[in-house]
Amino acid sequence: GLRNSYDVFVSYRWGSFDTDLAEGLFTLLSLEIVDSRAVQVFRDRERLQDGRNFRTDFAHALMSSRVACPIISTNSIQRFLKIHEHSDIDNVLFEWTLIVELQELNLLQACFPILLGRPLDAPNKRGSMVSNFFQDADMAEIPPIANTAVSNEIARLLQAKGVKASPKLHSRTIKEVIEALTMNLGVTAWSIKNSHGSGGASNLHEHAGFKTTLFTHCVSKVMECLQRTGAPQLATGPGPRLGSFPGGSVPTARPADSAENREEPNRPNQNDQIHQSGGVSNVHFASILEERNMLAKDLARAKEEISVLQAEKTRAQAEARSEAVKLKAESDNRMVQSKAEFQVQLMKSEAEVEMLKLQLDIAKKQAEQSSCCSIS
């Protein structure tokens, strides 16, 4: 479900390889620990809730994240070729433009892109199963326009956060967005070699091994990036999320000198009252303070234990999902192997039938020759 803040925001275009990568990042990163708790990852399919404005929710999630992780692929930019200035909002372009805008405003601590070209049927010379994004993606075909709907919606959401958009927002083109994202150091998938080795394995095994290597490498690099960051700069505390206030506005905090926040002059606090009371001795007062301190420590310990249990629960759930994925892959592998074995057996049986037919023909001819000899 939704949270007030996240460690990593995964932005991607739905598609076979891209979706698998996003799912792998969510599962494996959720098993990691940061600041003595489980890493909190935003991925649309696990976080968005029915009955809510999904675009507002994932925009809030991105603005409340420490690291943005866009998956930039040849597949992901294909739809950009059809976008014009007055097109409806494309969600991936919206997310990527918001990432660049937050970086421009110094409101996003890190952007860690993962770049990949097209999935390959067989490993290339480097041993990778994906092509080079910069060689596959023809950036010259990307329309040199800025989408009005995207920039207007981002400006509105930033204003609701009390943030003024940068002067570049409304003129920033789609090509400039992609170029800005790729200027951040991240992972180039085509430079990753399948560490599991091929050894004559089938394409199915080759792809599975490469994905495992790529996912593990990406998680390791994202964690290194995450550990260099602090709390999200636009994260909100407990309470209503962005977009839940009337008119989309955010309530302002009470001034420090307001009546609610101003302390009454010369008003003794509780400890002073106890200390000054004639019915409570200094020794008793010290005992009360000691007991209060012990209770505070117990409470802090309980909160820490709850946090650990929550992290273990999250890890267990992620492991269960990972095990389910693994079992499915093994089942698929067994099915492919069984099918291959059946086909081999079928071919053997057909060959034996042909051999029997040939032997039968030979026997018939021998019988015919023997019959002719007898007649003569």
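The analysis underlying the following values was restricted to heavy atoms, covering all of them including side chains, and did not include hydrogens, waters or symmetry mates.
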Visitor: Please assess Arg156 against Glu153 for the test salt bridge (Lys or Arg N to Asp or Glu O under 4.0 Å), listing each intermediate value before the final yes or no.
Guide: CA-CA 5 Å; Arg156 184 188 71 80; Glu153 181 66 4; 2.9 Å; yes
Visitor: Do you know which of Gln40, Arg37, Gln227 makes side-chain hydrogen bond (donor to acceptor under 3.5 Å, both in side chains) with Asp7?
Guide: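 For Asp7, the side-chain hydrogen bond (donor to acceptor under 3.5 Å, both in side chains) check succeeds only for Arg37.
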Visitor: Listing request: all side-chain hydrogen bond (donor to acceptor under 3.5 Å, both in side chains) pairs with a residue in residues 135-152, at least two apart in sequence or in separate chains.
Guide: Arg118-Asp136, Ser131-Asp136, Ser151-His170
Visitor: Does CE in Met139 sit with more than 12 non-hydrogen atoms of other residues, nucleotides or ligands closer than 6.0 Å?
Guide: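 More than 12 heavy atoms, drawn from other residues, nucleotides or ligands, come within 6.0 Å of this atom.
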Visitor: Starting from the C-alpha separation in whole Å, work towards a yes-or-no answer on side chain to side chain contact (heavy atoms under 4.5 Å, CB included) for His84 and His86.
Guide: CA-CA 6 Å; His84 54 80; His86 301 293; 4.1 Å; yes
Visitor: Taking all heavy atoms of Arg126 and all of Trp190, pick out the closest pair and write down the distance.
Guide: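 Taking Arg126 first and Trp190 second, the nearest heavy atoms are NE-O, 3.7 Å.
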Visitor: Are Leu358 and Glu354 side-chain neighbours, meaning at least one heavy-atom pair lies under 4.5 Å?
Guide: no
Visitor: What residues, two or more places apart in sequence or in another chain, satisfy side-chain hydrogen bond (donor to acceptor under 3.5 Å, both in side chains) together with Asp35?
Guide: Arg66
Visitor: Can you measure from NE2 (His207) to CG (Asp121) and round to the nearest 0.5 angstrom?
Guide: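 Output value for this atom pair is 6.0 Å.
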Visitor: Can you tell if the side chain of Leu181 reaches within under 4.5 Å of the side chain of Cys111, non-hydrogen atoms only?
Guide: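 In contact.
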Visitor: Below 4.0 angstrom, N of the basic side chain to O of the carboxylate: do Asp361 and Lys357 qualify?
Guide: no
Visitor: So, taking the atom named CG in Leu102 and the one named CE in Met63, what distance separates them when rounded to the nearest 0.5 Å?
Guide: 7.0 Å
Visitor: Return the set of residues passing side-chain hydrogen bond (donor to acceptor under 3.5 Å, both in side chains) with Thr19 (not counting sequence neighbours), or none when no residue passes.
Guide: none
Visitor: Checking the side chain of Ser338 only, and the main-chain atoms of Met335 only, is there a donor and an acceptor separated by less than 3.5 Å?
Guide: no
Visitor: Between Glu101 and Arg172, does any side-chain N to carboxylate O distance fall below 4.0 Å?
Guide: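 Salt bridge between Glu101 and Arg172, a charged N being under 4.0 Å from a carboxylate O: yes.
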Visitor: Rounded to the nearest 0.5 Å, what separation is found between the NZ atom of Lys313 and the CD atom of Gln317?
Guide: 5.5 Å
Visitor: Is Ser331 close to Arg334 at the side-chain level, that is, under 4.5 Å between some pair of heavy atoms?
Guide: yes
Visitor: If Ile, Leu, Val, Met, Phe, Trp and Tyr residues are connected whenever their side-chain heavy atoms lie under 4.5 Å apart, and connections chain through other members, are Val325 and Val336 in the same group?
Guide: no
Visitor: Is there a donor-acceptor contact under 3.5 Å from the side chain of Thr173 to the main chain of Glu176?
Guide: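 It does hold such a pair.
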Visitor: Please test Leu21 against Leu116 for side chain to side chain contact (heavy atoms under 4.5 Å, CB included), starting from the C-alpha separation and ending with a verdict.
Guide: CA-CA 11 Å; Leu21 177 54; Leu116 57 142; 4.0 Å; yes
Visitor: Indicate if Leu185 and Phe134 have the same hydrophobic cluster label, given that clusters are the connected sets of ILVMFWY residues with side-chain heavy-atom separations under 4.5 angstrom.
Guide: no
Visitor: Sub-3.5 Å donor-acceptor pair from the side chain of Arg47 to the main-chain atoms of Phe42, do we have one?
Guide: no
Visitor: If you take all heavy atoms of Asp44 and Tyr12, which pair is closest and at what distance?
Guide: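 Heavy atoms only, the tightest pair is OD1-OH, 2.7 Å.
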Visitor: Rounded to the nearest 0.5 Å, what separation is found between the OG atom of Ser220 and the CD atom of Glu32?
Guide: 8.0 Å
Visitor: Looking only at heavy atoms, which two atoms of Gly15 and Asn75 are closest? And how far apart?
Guide: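 Taking Gly15 first and Asn75 second, the nearest heavy atoms are CA-ND2, 4.2 Å.
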Visitor: Looking at every non-hydrogen atom in both residues, tell me the closest pair between Pro119 and Val130 and how far apart they are.
Guide: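 Here Pro119 and Val130 meet closest at CA-CG1, 4.1 Å.
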Visitor: Ignoring hydrogens and geometry, is there a side-chain-to-backbone donor-acceptor pair from Thr314 to Gln310 under 3.5 Å?
Guide: yes
Visitor: Can you hop from Ile77 to Met183 via hydrophobic side chains spaced under 4.5 Å?
Guide: no
Visitor: Looking at Arg43 and Glu46, is there a salt bridge between them, counting it only when a charged N and a carboxylate O are closer than 4.0 Å?
Guide: yes
Visitor: Treating Ile, Leu, Val, Met, Phe, Trp and Tyr as nodes and any side-chain heavy-atom pair under 4.5 angstrom as an edge, say whether Leu120 and Phe215 lie in one connected cluster.
Guide: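 The answer is no; the residues belong to distinct hydrophobic clusters.
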Visitor: Between Thr216 (side chain only) and Thr212 (backbone N and O only), is there a donor and an acceptor less than 3.5 Å apart?
Guide: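 Pair found, side chain donor or acceptor close to backbone of Thr212.
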Visitor: Mind running side chain to side chain contact (heavy atoms under 4.5 Å, CB included) on Phe58 and Asn91 for me, showing each step along the way?
Guide: CA-CA 10 Å; Phe58 66 57; Asn91 291 325; 3.8 Å; yes
Visitor: Within a strict 4.5 Å, meaning less than it, do heavy atoms of the Asn184 and Phe112 side chains meet?
Guide: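 Asn184 does not reach Phe112 side chain to side chain.
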Visitor: With side chains defined as the heavy atoms from C-beta onward, is the minimum distance between Phe17 and Ser73 less than 4.5 Å?
Guide: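 Side chain of Phe17 against side chain of Ser73, heavy atoms only: no contact under 4.5 Å found.
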Visitor: State the NZ-CG distance between Lys211 and Asp20, to the nearest 0.5 angstrom.
Guide: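 Reported to 0.5 Å precision, the distance equals 3.5 Å.
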Visitor: Using 0.5 Å steps for rounding, measure from the NZ atom of Lys193 to the CE atom of Met129.
Guide: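 It is 13.5 Å, given to the nearest 0.5 Å.
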Visitor: Side-chain contact test, heavy atoms from C-beta onward, threshold under 4.5 Å: evaluate it for Ile114 versus Cys69 and give yes or no.
Guide: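 In short, these two side chains touch, coming nearer than 4.5 Å.
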Visitor: Just so I know, are the side chains of Glu330 and Lys326 near enough to count as touching, which here means a heavy-atom distance under 4.5 Å?
Guide: yes
Visitor: Ignoring hydrogens, what is the shortest heavy-atom contact between Glu85 and Ile145? Give both atom names and the distance.
Guide: N-CD1, 3.7 Å
Visitor: Between Gly1 and Tyr6, which heavy-atom pair has the shortest distance, and what is it?
Guide: O-OH, 4.2 Å
Visitor: Hydrophobic cluster membership, with links at side-chain heavy-atom distances under 4.5 Å among I/L/V/M/F/W/Y: are Phe54 and Trp14 in one?
Guide: yes
Visitor: Is any side-chain heavy atom of Thr229 closer than 4.5 Å to one of Leu226?
Guide: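 They are in side-chain contact.
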Visitor: Let's go through Val10 and Ile71 carefully: what are the C-alpha distance in whole Å and the side-chain angles of both, what is the deciding distance for side chain to side chain contact (heavy atoms under 4.5 Å, CB included) to 0.1 Å, and is it a yes or a no?
Guide: CA-CA 7 Å; Val10 179; Ile71 298 175; 4.2 Å; yes
